[in-house]
Chemist: 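Pasting in a structure now, in structure tokens, and then I'll have a few things to ask.
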Amino acid sequence: MGKSDSIGVGPMEQQEFVDLHSGERAWATREPYGPAGFKGLFTNPYVAMCALFATIGGLLFGYDQGVISVTLVMDQFLDVFPRVSEEASGAGFWKGLMTAMLELGALLGALFAGWCADKFSRKYSIFIAVCIFTVGSVLQTSAVEYSMLTVGRLIGGLGIGMLATISPLYISEIAPPEIRGALLVLQEFSIVFGIVIAFWTTYGTRYMSGEWSWRLPFLIQMLPGFLLGGGIFFLPFSPRWLCSKGRDTEALEVLSELRRLSTTDSRIYQEWCEIRAEVTFVKEVNAEKHPDLQEPTRANRIKLEIAAWGDCFRHGCWKRTVVGVMIMFFQQFVGINALIYYSPSLFKTLGQDYEMQLLLSGIINCTQLVGVATSLWTMDRFGRRPLLLVGAALMSVSHLIIAVLVGKFGDQWSSYKTEGWVAVAFLFFYMFSFGATWGPVPWAMPSEIFPSSLRAKGVALSTCSNWFNNFVIGLITPPLVQNTGYGAYTFFAVFCLLAFVFTFFFVPETTGKTLEQMDQVFKDVSSEAEEARKLRIEREIMAETRREDVPKV
């Protein structure tokens, strides 16, 4: 904490916090910035606007996922890429591989995103991701053979994986705790909105003659990328990233700008001190863990980077890593992307004709969007954990009912049309339940639970889990649906039940907690020595700020 990075704070506010008995916490309570949940978005308009703009990264993610759904059944597309047509030998594998290459690229991009976000800042890393995504989009738009399209999806996936990691990370670090859940829901809402736009775009362009019927949707996805890449430079840095780089004065100014409050406001001062204390605490602990790597050499920086990934699995963080990785695992294995990627094929198994398959696929994505919209209100009101539990139960019931109907009537839908529509209705109910619960929560929690020094890497690991399992789902769903029928729904129902069990025993509630209070939530940094150290750091920061005679900002 350099002297040049201290800042003046109003004496009354500062006195209120510094004059505490020596055995007490620095702050017993925290005054809120405003109402919680959806209502709080209107009392924090600037931070809501910044978060909304950052979620364009989620829109790109969703669009690139959804664009392939109708494209895979276009005759104009299959004429250029006959390898994925139903008549071709091994079509299920080649279709799954092409679809899943986006997820494989995103997995690699998410791994790179953690280092990039720490090195170049959250907002500049978003720009880098957009550049990579644009290269992939150009290759997909101009593809003339299967391998070129597949490589394009791999490169585009690199950018998507970075955006899907960094955007929620950035949002969580600029958001006040009262509305952090609602703002992170915007990320999932943007993803699903991108899926919906992609579907209806391809649904319309399929009537075009020639190759532009499928090339145009790939071209369109570059437009929001250009908007995000250019506009990101006008957004503020993450105040937590600034403090991690020793830019404390700038962090206070950014907090003041984000909260639309004076730097002398007691709430701004408290949050600023908590962030600085967390950064200092982590640095001290890191120096104790890795005393031989503190020399500022390139070799030590590389070794520290590797060691930091390992720290995600050590005391003080491993519980959070397990939660982040596993909720992303279950988000995929409850079956959501099987429906997004292959919904026309799934509706075919429920006895629907070609046109109805496509129409229902578009409507079901809109149903998910409605579900996500409800979580803008419910996530901060009812909490993350209840939503996960209720969602897992409802999705499991939906899958089981569909499995029974498909198993009993799957070979004779023409004689049992009512039963077929009942199965369709429960597929819609499943989609709404997912959108309201397991859609937004797994994207919100990893950005909240990790300590500041490991947050980028923890979110990257969680996102990697999402992409790896997304890749697996993309590969196994076509043969699973083709060869097992009702077995696919039974498979996903079992994982919904496992998701319920995991949530009940291992997932804590994070609603209303600041990012710096997650140690108390997980109870993994609870020794008296560590608590005493945190208290000492907080007091040193407040006392140093009081001593510095620096003009107010």
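Numbering of residues begins at 1 and proceeds along the displayed sequence.
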Chemist: Is the backbone of Cys243 close enough, under 3.5 Å, to the side chain of Arg276 for a donor and an acceptor to pair up by distance?
Modeler: no
Chemist: Could I get the full list of side-chain hydrogen bond (donor to acceptor under 3.5 Å, both in side chains) partners for Ser238, not counting sequence neighbours?
Modeler: Glu173
Chemist: Is it the case that the side chain of Tyr33 and the backbone of Ile179 share a donor-acceptor pair, with hydrogens and angles ignored and the cut-off at 3.5 Å?
Modeler: no
Chemist: According to the ring pair (Phe, Tyr, Trp, His ring centres under 6.0 Å) rule, which pairs have a member within residues 235-263, sequence neighbours left out?
Modeler: Tyr124-Phe237, Phe237-Trp241
Chemist: Closest approach of Ser137 and Phe218, non-hydrogen atoms and distance?
Modeler: CB-O, 4.4 Å
Chemist: What pairs of residues pass the salt bridge (charged side-chain N to carboxylate O under 4.0 Å, His left out) test when at least one of them lies in residues 288-307, not counting sequence neighbours?
Modeler: Glu288-Arg533, Glu305-Lys457
Chemist: Check whether any side-chain heavy atom of Phe382 lies under 4.5 Å from a side-chain heavy atom of Val390, and answer yes or no.
Modeler: no
Chemist: Any chance you could lay out the side chain to side chain contact (heavy atoms under 4.5 Å, CB included) test for Thr280 and Glu540, step after step, and finish with the verdict?
Modeler: CA-CA 11 Å; Thr280 304; Glu540 286 179 356; over 6 Å; no
Chemist: Between Glu538 and Glu274, is there a donor-acceptor pair closer than 3.5 Å when you use the side chain of the first and the backbone of the second?
Modeler: no
Chemist: For the side chain of Asn470 and the backbone of Asn466, is there at least one donor-acceptor N/O pair under 3.5 Å apart?
Modeler: no
Chemist: Is there side-chain contact between Met328 and Gln331, with at least one heavy-atom pair below 4.5 Å?
Modeler: yes
Chemist: Look at the aromatic rings of Trp272 and Tyr269 and report parallel, tilted or perpendicular, splitting at 30° and 60°.
Modeler: tilted
Chemist: Please round to the nearest 0.5 Å and tell me the distance separating atom CG of Leu154 and atom CD of Gln140.
Modeler: 10.0 Å
Chemist: Could you check if a side-chain atom of Asn365 sits within less than 4.5 angstrom of a side-chain atom of Met431, using non-hydrogen atoms only?
Modeler: yes
Chemist: Tell me whether Thr367 contacts the main-chain N or O of Phe432 through its side chain, where contact means a donor paired with an acceptor under 3.5 Å.
Modeler: no
Chemist: Without swapping roles, check the side chain of Tyr63 against the backbone of Pro217 for a donor-acceptor pair under 3.5 Å.
Modeler: yes
Chemist: Keeping Ser256 on the side-chain end and Leu261 on the backbone end, is there a donor-acceptor pair under 3.5 Å?
Modeler: yes
Chemist: Where do Ile166 and Ala117 come nearest, in terms of heavy atoms and distance?
Modeler: CG1-CB, 4.3 Å
Chemist: Could you list the residues that satisfy salt bridge (Lys or Arg N to Asp or Glu O under 4.0 Å) with Arg259, not counting sequence neighbours?
Modeler: Glu271
Chemist: Assess the residue pair Leu228 and Phe133 against the criterion (side chain to side chain contact (heavy atoms under 4.5 Å, CB included)); give the C-alpha distance rounded to whole Å, side-chain angles, the decisive distance to 0.1 Å, and a yes or no.
Modeler: CA-CA 12 Å; Leu228 177 61; Phe133 171 78; over 6 Å; no
Chemist: For Thr510 and Met518, what are the C-alpha separation, side-chain angles and deciding distance, and is it a side chain to side chain contact (heavy atoms under 4.5 Å, CB included)?
Modeler: CA-CA 7 Å; Thr510 61; Met518 292 301 161; 3.8 Å; yes
Chemist: Between Arg122 (side chain) and Leu169 (backbone), is there a donor-acceptor pair under 3.5 Å?
Modeler: no
Chemist: Going by salt bridge (charged side-chain N to carboxylate O under 4.0 Å, His left out), name the pairs with one or both residues in residues 155-170, residues two or more places apart or in two chains.
Modeler: none
Chemist: Would you compute the distance between atom CZ of Phe53 and atom CD1 of Ile126 and round it to the nearest 0.5 angstrom?
Modeler: 9.5 Å
Chemist: Phe506: which residues meet the side chain to side chain contact (heavy atoms under 4.5 Å, CB included) condition with it, sequence neighbours left out?
Modeler: Phe502
Chemist: With Ala460, which residues qualify under side chain to side chain contact (heavy atoms under 4.5 Å, CB included), at least two apart?
Modeler: Thr165, Trp309
Chemist: Quick check: closest heavy atoms across Ile155 and Gly136, and the distance to 0.1 Å?
Modeler: CG2-N, 3.8 Å
Chemist: So how far is it from Asp64 CG to Leu163 CG, rounded to the nearest 0.5 Å?
Modeler: 10.5 Å
Chemist: Identify the two heavy atoms, one from Leu388 and one from Pro442, that lie closest to each other, and give their separation to 0.1 Å.
Modeler: CD2-CD, 4.4 Å
Chemist: Locate the shortest heavy-atom distance separating Leu376 from Ala182; write the atom from each residue and the value.
Modeler: CD2-O, 3.4 Å
Chemist: Considering only heavy atoms from C-beta outward, does the side chain of Arg455 approach that of Asp118 to under 4.5 Å?
Modeler: no
Chemist: Show every salt bridge (charged side-chain N to carboxylate O under 4.0 Å, His left out) that has at least one partner inside residues 435-453, sequence neighbours left out.
Modeler: Arg180-Glu448, Arg384-Glu448
Chemist: Holding to side chain to side chain contact (heavy atoms under 4.5 Å, CB included), I want the full list of residues that pass it with Phe127, two or more places apart in sequence or in another chain.
Modeler: Cys131, Ile232, Phe233
Chemist: For Glu250, is there an ion pair with Lys245 - N to carboxylate O distance below 4.0 angstrom?
Modeler: no
Chemist: Taking the inter-plane angle between the rings of Phe330 and Trp438 on a 0 to 90° scale, is it parallel (under 30°), tilted (30 to 60°) or perpendicular (over 60°)?
Modeler: perpendicular
Chemist: Within a strict 4.5 Å, meaning less than it, do heavy atoms of the Ile336 and Tyr430 side chains meet?
Modeler: yes
Chemist: For residues Ile174 and Ala51, report the shortest heavy-atom separation together with the two atoms involved.
Modeler: CD1-N, 4.2 Å
Chemist: When rounded to the nearest 0.5 angstrom, what is the spacing between CZ in Phe495 and CD in Gln332?
Modeler: 12.5 Å
Chemist: I want to check something: taking the side chain as every heavy atom from C-beta on, are Ile473 and Phe492 in contact at a cut-off of under 4.5 Å?
Modeler: yes
Chemist: Inspect the surroundings of OH in Tyr46 and state if more than 12 heavy atoms from other residues, nucleotides or ligands are less than 6.0 Å away.
Modeler: yes
Chemist: Side-chain donor-acceptor contacts of residues 184-195 below 3.5 Å, not counting sequence neighbours, with atom names and distances?
Modeler:
unit_1	atom_1	unit_2	atom_2	d
Glu188	OE1	Trp443	NE1	3.3
Ser190	OG	Thr55	O	2.5
Ser190	OG	Leu59	N	3.0

Chemist: Who pairs with Leu158 by side chain to side chain contact (heavy atoms under 4.5 Å, CB included), at least two apart in sequence or on another chain?
Modeler: Leu108, Ile132
Chemist: Roughly how far apart are Leu454 CG and Asp311 CG, rounded to 0.5 Å?
Modeler: 6.0 Å
Chemist: Counting only N and O atoms by type, is there a donor-acceptor contact under 3.5 Å from the side chain of Ser125 to the main-chain atoms of Cys116?
Modeler: yes
Chemist: I'd like to check the ring pair (Phe, Tyr, Trp, His ring centres under 6.0 Å) partners of Phe468; sequence neighbours left out, ordered by chain and number.
Modeler: none
Chemist: Rounded to the nearest 0.5 Å, how far does CE of Met326 lie from CG of Leu498?
Modeler: 8.5 Å
Chemist: Decide yes or no for Val279 and Asp248: does some side-chain heavy atom of the first lie under 4.5 Å from some side-chain heavy atom of the second?
Modeler: no
Chemist: Is the Phe500 ring parallel, tilted or perpendicular to the Phe504 ring (thresholds 30°, 60°)?
Modeler: parallel
Chemist: Hey, mind stepping through Glu178 and Asn44 against side chain to side chain contact (heavy atoms under 4.5 Å, CB included) and telling me if it holds?
Modeler: CA-CA 10 Å; Glu178 294 82 13; Asn44 294 270; over 6 Å; no
Chemist: State, yes or no, whether a side-chain contact exists between Leu60 and Pro224 at a heavy-atom distance under 4.5 Å.
Modeler: yes
Chemist: Where the side chain of Arg153 meets the backbone of Met101, is there a donor-acceptor pair that is under 3.5 Å apart?
Modeler: no
